> 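This is the structure I want to talk about, given as structure tokens.
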Amino acid sequence: MVPSGPLPGTCQTLLLFLLLVCCLLSPGSQGQQFPLQVQPQDPVLPAGGSLVVNCSTECPDPKLIILETSLLKEPVGDGPGWAAFQLSNVTSDSRVLCAGFCNGSQMISSSNITVYRFPDQVELAPLPPWQPVGKNLTLRCQVAGGAPRSQLKVVLLRGEEELSRQRVAGEPAQVEVEATATVLASRSDHGASFSCHTELDLRPQGLGLFKNTSTPHQLRTFGFLGPILNLSESSAPEGSIVTVTCMAGARVNVLLDGVAAAAPGQPAQLQLNATEIDDQRSFFCSAMLEVDGEIFKRNRSVQLRVLYGPKIDRANCPERLKWKEKTKQVLQCQARGNPAPQLHCLQKDSNLEVPIGIPVFVKLKYNGTYHCQASSSRGTYTLVVVMDVQGRNHPFVTIFMAVLVIVGLVTVTVALKYLYAVKRRGIYKVNPESSSLPLTSMRPIEAVAEEPS
Ligand SMILES: *[C@@H]1O[C@H](CO)[C@@H](O)[C@H](O)[C@H]1NC(C)=O
Ligand SMILES: *[C@@H]1O[C@H](CO)[C@@H](O)[C@H](O)[C@H]1NC(C)=O
Ligand SMILES: *[C@@H]1O[C@H](CO)[C@@H](O)[C@H](O)[C@H]1NC(C)=O
Ligand SMILES: *[C@@H]1O[C@H](CO)[C@@H](O)[C@H](O)[C@H]1NC(C)=O
Ligand SMILES: *[C@@H]1O[C@H](CO)[C@@H](O)[C@H](O)[C@H]1NC(C)=O
Ligand SMILES: *[C@@H]1O[C@H](CO)[C@@H](O)[C@H](O)[C@H]1NC(C)=O
């Protein structure tokens, strides 16, 4: 099927262009001697604008000078060797072609039209009603429109100071874009004017640099100065007086561990005689400020270290231990203090050390009195521990066993002596004459040796 309607404009242009290119490239083409000129060359014009394009040639007898374009065109005059056309409502970049014939040869030339447009909107997003000092403030500049985007930049400003300059990415130009910059708000920013502007740089096209500026916004800041919470001494020796102070800026109410300041803007303070239980104690201060009916709160905490000790509690270190020999036992003893003390238990005279907190195999020599000493840079503390190590068997049992053994031995000896005496008498009775009886050989040698006694 062949399309019945006329070819679309771009298709037509393309066909014509290809046709013309073929003709131009054919050898001996006379058109090349008399080029066709397009005036103006590569013009830049505001979006929606109009311009006159003049196609002219030196060819003595040119024919059919035309302008090929998808834009709205209207002939506005012609003369020998030229034809002019008015283009209107030019809203986007485009390419126009002049074509004609010279002595039967095709002439062709083109020009690129660049359209520029200023942004429709350059707006700095509203600032917060009150900005806390020391917090980041994000500035947002919203830009709609603007072309060509490759030549458009957004600048964010504090007064005259440039905070950020960035290219506007994104085509088409209708897309709304946002440029941001972050500033750390300081006290001096109170009352500062923030704004943004766009820069459309058409200097390469000989037109200049065009700025569109947003309405400025004034920043109002408020500061807390903290709250500042400090200790007169962060590591205080036990028994010394520590002062805790919390303060914030003017008009700020502070509350330190439940103690309120006398008036807004005044510091809150408390004092204490540092004791062991105050070690690692935290102090909490909260500050509150009301600005334009809005309440801002901040808080801080600080920890106190108290230097004390060393100390050993009886509850944590027994006075007397009764251990059995050859059993496994653990010597439990704890010392406390800041800085953490070292603890050793040494036998009074021998200086034998029994390890603390780990299982030990009890030996008899452990029996004795021990000095358990905790030491740190703040001094030493000693506690006496008596260790009573009992042997495996009770002394009574040992004595009883010894008596039994002795009695047993005596009994056996007596019995043996008696038996021997009986035996000797029995031999004489059986065979008094003969000395060659086999029985004699069985007599113990000792007995023979003993005989004369
Ligand atoms: C077109 O260009 C020719 C040659 O330069 C000139 O003579 C003629 O006046 C121009 N026409 C217009 C309308 O500018
Ligand atoms: C100009 O062109 C735009 C689209 O390209 C169209 O919407 C608008 O109506 C045109 N304006 C005139 C006056 O022809
Ligand atoms: C502020 O933002 C910058 C980066 O933009 C960051 O490095 C900085 O830590 C931020 N400061 C605060 C107080 O949030
Ligand atoms: C604690 O703060 C007060 C008031 O700002 C100041 O005078 C004092 O020197 C500070 N003390 C310490 C130890 O920082
Ligand atoms: C702190 O308290 C201890 C014990 O109650 C006391 O001996 C010491 O004198 C006190 N220190 C001061 C500076 O009052
Ligand atoms: C203290 O401030 C932090 C953040 O600033 C907040 O998360 C916390 O809840 C506050 N604590 C109290 C007890 O107000």
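Atom set for the values below is all heavy atoms of this structure, side chains included, hydrogens, waters and symmetry mates excluded. Being a predicted model, the structure only gives us computed values, none of them experimental.
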> Do you know which two heavy atoms are closest between Arg149 and Val177, and how far apart they sit?
NH1-CG1, 3.8 Å
> For Thr243 and Gln271, does a side-chain donor sit closer than 3.5 Å to a side-chain acceptor?
yes
> Would the SG atoms of Cys285 and Cys246 measure under 2.5 Å apart?
yes
> Quick one: does Met288's side chain get under 4.5 Å of Leu255's, heavy atoms only?
no
> Between the side chains of Glu233 and Arg305, is the shortest nitrogen-to-carboxylate-oxygen separation below 4.0 Å, so that they form an ion pair?
no
> Applying salt bridge (Lys or Arg N to Asp or Glu O under 4.0 Å) as the test, list every pair that has at least one member in residues 126-148; sequence neighbours left out.
Arg140-Glu178
> Using 30° and 60° as the class boundaries, would you call the ring planes of His190 and Trp130 parallel, tilted or perpendicular?
parallel
> Yes or no on side-chain contact (heavy atoms from CB on, under 4.5 Å) for Leu383 and Arg314, after CA distance, side-chain angles and deciding distance?
CA-CA 8 Å; Leu383 211 60; Arg314 241 324 157 206; 3.5 Å; yes
> Does the side chain of Tyr370 come within less than 4.5 Å of Leu331's, by heavy atoms?
no
> Which atom names give the shortest non-hydrogen contact between Gln332 and Gly357, and what distance separates them?
OE1-CA, 4.5 Å
> Do Thr382 and Gln373 get their side chains close enough for a donor-acceptor pair, meaning under 3.5 Å?
yes
> Does the side chain of Val244 come within less than 4.5 Å of Gln269's, by heavy atoms?
no
> Scan for salt bridge (Lys or Arg N to Asp or Glu O under 4.0 Å) pairs involving residues 206-220, sequence neighbours excluded, and state none if there are none.
Arg220-Asp292
> Asn367 and Met387: which non-hydrogen atoms are nearest, and at how many Å?
OD1-O, 3.2 Å
> Could you go through Glu68 and Arg95, starting from their C-alpha distance and side-chain angles, then the distance that decides it, and tell me whether this counts as salt bridge (charged side-chain N to carboxylate O under 4.0 Å, His left out)?
CA-CA 9 Å; Glu68 261 309 311; Arg95 182 180 165 89; over 6 Å; no
> May I ask you to check whether the SG atoms of Cys345 and Cys333 are separated by less than 2.5 Å?
no
> How about Leu272 and Arg281: do any of their side-chain heavy atoms sit closer than 4.5 Å?
yes
> Which pair of heavy atoms, one from Asp42 and one from Ser111, lies closest together, and at what distance?
N-OG, 2.9 Å
> For Tyr366, enumerate each residue passing the ring-ring contact (aromatic ring centres under 6.0 Å, His included) test, keeping only those at least two apart in sequence or located in another chain.
none
> Checking Glu199 against Gln151: is there a side-chain donor and acceptor pair closer than 3.5 Å?
no
> Taking the side chain from Lys153 and the backbone from Thr198, do they hold a donor-acceptor pair closer than 3.5 Å?
no
> Assign the ring pair Tyr116 / Phe210 to parallel, tilted or perpendicular, where the plane angle (0 to 90°) is split at 30° and 60°.
parallel
> Kindly give the heavy-atom pair with the smallest separation between Ala274 and Val242, and that separation in Å.
CB-CG2, 4.1 Å
> Do Asn338 and Val306 come within less than 4.5 Å of each other through their side chains, counting heavy atoms only?
no
